Structures are given as C-alpha cells and as structure tokens.
Protein chains: 2
Amino acid sequence: MDQRTPTHLLGPQRSDLSAIADWDTSNCPVRDVLSQISGKWSMLLLHALSERPYRFGELRRLVPDISQRMLTQTLRDLQRDGYIDRTVFPTKPPSVEYSMTTLGHSMFDALSHVLSWAGTNHAAVRRARETFDASPV
Amino acid sequence: MDQRTPTHLLGPQRSDLSAIADWDTSNCPVRDVLSQISGKWSMLLLHALSERPYRFGELRRLVPDISQRMLTQTLRDLQRDGYIDRTVFPTKPPSVEYSMTTLGHSMFDALSHVLSWAGTNHAAVRRARETFDASPV
DNA sequence: CGGCATCCTCGACGATACTG
DNA sequence: CAGTATCGTCGAGGATGCCG
C-alpha cells in the first residue's frame, strides 16, 4: 500500500482513490461527521464542554458574540450527533445543563491533535500566506 | 490545570476559558487555520495529494463532481497556506503538478486522527442521530 | 491543458421580538 | 432562564463561457 498513513477518508477499509467519485456528503463517513463539527461555533462549544458541564446562560456569557439562535441550534446539533447531553432541572425558572458524552470526549480527543497542530504551526501558516501574497507568481 | 488534554483552542499559552470572548476568526489561531481546511473540497484534495502528486486534470477526474472553479480556488488556497506546491512544466500544452509540502504532510497527519475517528465512529453517530430524531423530547 | 471572469442560487448565520 | 419564530444578509459554491 503506502507508508504515508493516509487514512480512511474514503471508506473504512479502502485506501485506494479509485472511487472518490461518488462521495457526496451523504455517503462519505468523514464528510458526514465533519460537516457537523465544522460549523462556526461547534469547536468553541465542544472545547468549553470538554472541560466541564455548562448551563445555557453560562455558555452565552463565555461566548458573547454568539447569537442565541445559533447557540441553541449548535447545541441541538451536537446533542443530535451524540456528542453532548442536555439535562433539564425542573427548577423555577428552569435551568438546563449541557455536558459532554463519552462519544463526545473521544471525538474531541481526536480533534485535539488538529487544534494543537494549529496552535503550534499558526505562525508558519501565516508566514506562508504572506510570502504567497507578496509574490503573486 | 486539567487532565483532559483540552488544547490550545484559545491561545498558544492559555488554557482558561476566561476570554473566549474576543476570538473572531482573525485572532484565533485555530479558527484561522481550520477555516481554510474545512471547505467542502479541501480534505478530499489533501487526502489525494497526501498519497502522491497529481496534475490538475487528474484531480478533476478523481473528483468529478467538483466544479473546476472550486478546484482552482481550493488548490490556490491550500498553496497559499503552504500545504501544497504548484509546479508548472513548460510543455506544450502546459501541464501543472500539485504536490504536498512538508508542512502539509504534518498537518494532514494531525488531521488523520479525526478522519480515522470519523471512519470508526460514523455508525455510532448515525445511530445517535436516529435515536434523537425518533423521540423529539 | 489549465485556467479566469461573470452571473446566480441557496443555506449558514445574524438581529430582533415574543413566550412558558 | 432558556428557549422559539420571523425576517434579512452575505458569501461559499455551482454553471457557463472565453482564453493563452
């Protein structure tokens, strides 16, 4: 095969690129999963909830520039995919707590590789960008 | 701190969530990097090029449902960020080869953790989704 | 062959107001 | 407090045609 560790972008068991063709979002596992966590706020919320559970209002204050429409919707999507749990406490007024599931934690662990890469190599990317923009070859 | 390996979503050296506030795309390293590779076609092309270099037309045939406008643009963006190289051979008619850089390979290695997670856990996510949709609590 | 220029669609996301 | 409903914007991406 190949020694480059290029993984299952395709299917679980195929590593050839012969049939990339028919992979729209609906039948490609990778795109199906990633399309949900690549939203504007998903990673921010996942990061927060990876530390400890938060209530709706707490998350709002943590991320002041998120509209509450998107906060609601993003949390719902993350819950739908099984990454976070939503617990309602029948207090008065009601309070709702969001917490990360086991599935969510395992996903975030994988994601953290990319996040830390980004933190480490951000400068290199910015330099590459500047170089490229300087000489529009 | 914390033992959960939640990484530098924030800044290079801070692991508190106290100031998530002022992180728009422009001053958050993670979002700055990820916004470029989370495009519709970026990962597909990165995956292909992680195996071997390809020419423009080859990539078109590999991914038939990409418009050639987006192929050009995505390749340009990846080149701009330093992930791939663009080599023009002055043949007649001209041919252009795209190949992954060292930076690109190191980034793709980090990304591969997420890709393989997606491949492994796609079924679990789909099940969670069905369960959620079944009972709109 | 490997593009670039133009026009258009459509869905993600924002702003605002109202509710149990 | 934790949402839902409605309307509006804006840009990613698609379709088509031309060029060195």
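Reckoned from all heavy atoms, side chains included, excluding hydrogens, waters and symmetry mates. What you see is a predicted model, and the numbers here were worked out from it, not measured in a lab. Order of the sequence lines sets the chain letters (A, B, ...), proteins ahead of strands, with each chain counted from 1.
- Protein atom CG of A/L45 is 15 Å distant from nucleotide atom C1' of D/dA2, rounded to whole Å.
- Phosphate contact (OP1/OP2 of C/dG2, side-chain N/O of B/R76, threshold under 4.0 Å): absent.
- The side chain of A/P94 sits closest to C/dG20 out of C/dC13, C/dG3, C/dG20.
- Here C/dG3 is the nucleotide among D/dG3, C/dG3, D/dA2 with the atom lying nearest to any side-chain atom of B/R86.
- On a pure distance criterion of 3.5 Å, a polar donor-acceptor pair joins the side chain of B/Q68 and the base of C/dC4.
- Residue A/Q73 contributes atom CD, which lies 13 Å from atom P of D/dA5 at whole-angstrom precision.
- Whole-Å rounding puts the A/L71 CG to C/dA12 P distance at 17 Å.
- Between A/M70 atom CE and D/dT4 atom P there is a gap of 13 Å when expressed in whole angstrom units.
- Contact annotation: A/R69 does not reach the phosphate of D/dG8 (side-chain N/O to OP1 or OP2, under 4.0 Å).
- Residue B/R55 has no polar side-chain atom (N or O) positioned under 4.0 Å from OP1 or OP2 of C/dC1.
- Looking at which nucleotide of DNA chain C each of B/G57 and A/I66 is closest to, the 5′-most match is held by B/G57.
- Proximity of a side-chain donor or acceptor of A/S42 to a complementary backbone N or O of A/S38 within less than 3.5 Å is not detected.
- Side-chain proximity of A/S67 to the nucleotides D/dA2, C/dG3, C/dG14 is greatest for C/dG14.
- Atom P of nucleotide D/dA2 and atom CD of A/E97 are separated by 10 Å, given to the nearest angstrom.
- Between B/F89 atom CZ and C/dG2 atom P the separation is 11 Å, expressed in whole Å.
- Put simply, CG on A/D65 is 20 Å from P on C/dA12, counting in whole angstrom units.
- For the side chain to side chain contact (heavy atoms under 4.5 Å, CB included) criterion with A/L45, the lone passing option out of A/I84, A/D77, A/I37, A/L75 is A/L75.
- Look at B/Y98 and you'll find a side-chain N or O under 4.0 angstrom from OP1 or OP2 of C/dG3.
- In the set C/dC4, D/dA2, C/dC13, D/dA2 carries the atom at the smallest distance from any side-chain atom of A/F56.
- For B/K40 and D/dG14, the shortest distance from a side-chain N or O to OP1 or OP2 is below 4.0 Å.
- In this structure, the side chain of B/R31 engages the main chain of A/K40 through a donor-acceptor pair within 3.5 Å.
- The cationic group of B/R52 lies under 6.0 Å from the six-membered ring centre of B/Y54 and within 45° of the ring axis, placing it in a cation-pi geometry.
- When atom types are taken as modelled, the side chain of A/R61 and the backbone of A/G57 share a donor-acceptor pair closer than 3.5 angstrom.
- For C/dG2, its base never sits under 3.5 Å from the side chain of B/R60 at any donor and acceptor pair.
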